[in-house]
Amino acid sequence: QVQLVESGGGLVQAGGSLRLSCAASGRTFSSYAMGWFRQAPGKERVFVAAISWSGGATWYADSVKGRFTISRDNAKNTVYLQMNSLKPEDTAVYYCAKRGTTGQLKAFNGYDYWGQGTQVTVSS
């Protein structure tokens, strides 16, 4: 069983920055990849970024490439999402998730545990 708890969301003006954190329970955090997704009101949950178990490989949605950076600290069982140059269209609930053994890396079905989400609101 894995528990994921996100934090760091809030209200920020366009052009600003936020750093999200996701703390994971369990002793095997360093053995699996992690991802961030987001869900805007009335829309489906979509992929934002993912990072390999070692942190040596990362993947991003085109919409955030160059602005967001995913990282992890395996000693702290934590994955981060640094978000810079935020835009109003980045407004959403952000979820971290643990990569599962099946499904696609950039799809909802590729993850088997999810956090409760943290709200990010970007004002124009």
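All values below were derived from every heavy atom in this structure, side-chain atoms included, with hydrogens, water molecules and symmetry-related copies excluded. We number each residue from 1, following the sequence as shown. Everything numeric here is computed off the predicted structure, so don't read it as measured data.
- Put simply, CZ on Phe37 and CG on Leu81 are 12.0 Å apart, with the number rounded to the nearest 0.5 Å.
- The two residues Trp36 and Leu20 make their nearest non-hydrogen contact at CH2-CB, 3.7 Å.
- Residues passing the side chain to side chain contact (heavy atoms under 4.5 Å, CB included) test with Thr78 are Ser21, Ala23, Lys76, Tyr80, sequence neighbours excluded.
- Heavy atoms from other residues, nucleotides or ligands lying under 6.0 Å from CD of Gln3 number 12 at most.
- Looking at heavy atoms from C-beta onward, Glu6 lies in side-chain contact with Gln116 at the 4.5 angstrom threshold.
- No side-chain donor-acceptor contact under 3.5 Å links Thr121 to the backbone of Thr91.
- With sequence neighbours excluded, the residues satisfying side chain to side chain contact (heavy atoms under 4.5 Å, CB included) with Ser30 are Asn74.
- For the side chain to side chain contact (heavy atoms under 4.5 Å, CB included) criterion with Cys22, the lone passing option out of Thr118, Val5, Asn77, Val79 is Val79.
- Judged as a salt bridge (charged side-chain N to carboxylate O under 4.0 Å, His left out), the pairs with a partner in residues 28-50 (not counting sequence neighbours) are, in order, Arg38-Asp90.
- The cluster map of Ile, Leu, Val, Met, Phe, Trp and Tyr, joined by side-chain heavy atoms under 4.5 Å apart, puts Met83 and Val64 in the same cluster.
- Tyr60 and Tyr95 fall into different hydrophobic clusters, where Ile, Leu, Val, Met, Phe, Trp and Tyr side chains are chained together by heavy-atom contacts under 4.5 Å.
- For the atom pair OG1 (Thr58) and NZ (Lys65), the distance works out to 9.5 Å, reported to the nearest 0.5 Å.
- Using a 4.5 Å cut-off on side-chain heavy atoms (C-beta onward), Tyr32 and Trp53 make no contact.
- Within the structure, the side chain to side chain donor-acceptor pair (under 3.5 Å) test picks out the following pairs touching residues 10-20 (sequence neighbours left out): Ser17-Asn84.
- How far CZ of Arg72 is from OG of Ser52: 7.0 Å, rounded to the nearest 0.5 Å.
- With hydrogens and angles disregarded, a donor-acceptor distance shorter than 3.5 Å links the side chain of Arg67 to the backbone of Ser85.
- Phe108 and Leu105 fall within the same hydrophobic cluster, where Ile, Leu, Val, Met, Phe, Trp and Tyr residues are linked whenever their side-chain heavy atoms come under 4.5 Å apart, directly or through other members.
- Residue Gly16 comes nearest to Val12 through the heavy atom pair CA-CG2, 3.8 Å, listed as atom of the first residue, atom of the second, then distance.
- Grouping Ile, Leu, Val, Met, Phe, Trp and Tyr by side-chain contacts under 4.5 Å, direct or through others, leaves Leu11 on its own.
- Note: the hydrophobic cluster containing Leu4 also contains Val120 (ILVMFWY, side chain heavy atoms under 4.5 Å, direct or indirect links).
- Taking both residues in full, the closest heavy atoms of Ala14 and Pro88 are given as CB-CD, 4.1 Å, listed atom of the first, atom of the second, then distance.
- Taken to the nearest 0.5 Å, the CH2 atom of Trp59 stands 9.0 Å off from the CD1 atom of Ile70.
- Counting only residues at least two apart or in different chains, side chain to side chain donor-acceptor pair (under 3.5 Å) contacts with residues 103-115 comprise Lys98-Asp112.
- Residue Gln119 holds its CD atom at 11.0 Å from CD of Gln39, rounded to the nearest 0.5 Å.
- Using a 4.5 Å heavy-atom threshold, the side chains of Leu86 and Phe68 count as touching.
- The distance from atom CE of Met34 to atom OG of Ser71, rounded to the nearest 0.5 Å, is 11.5 Å.
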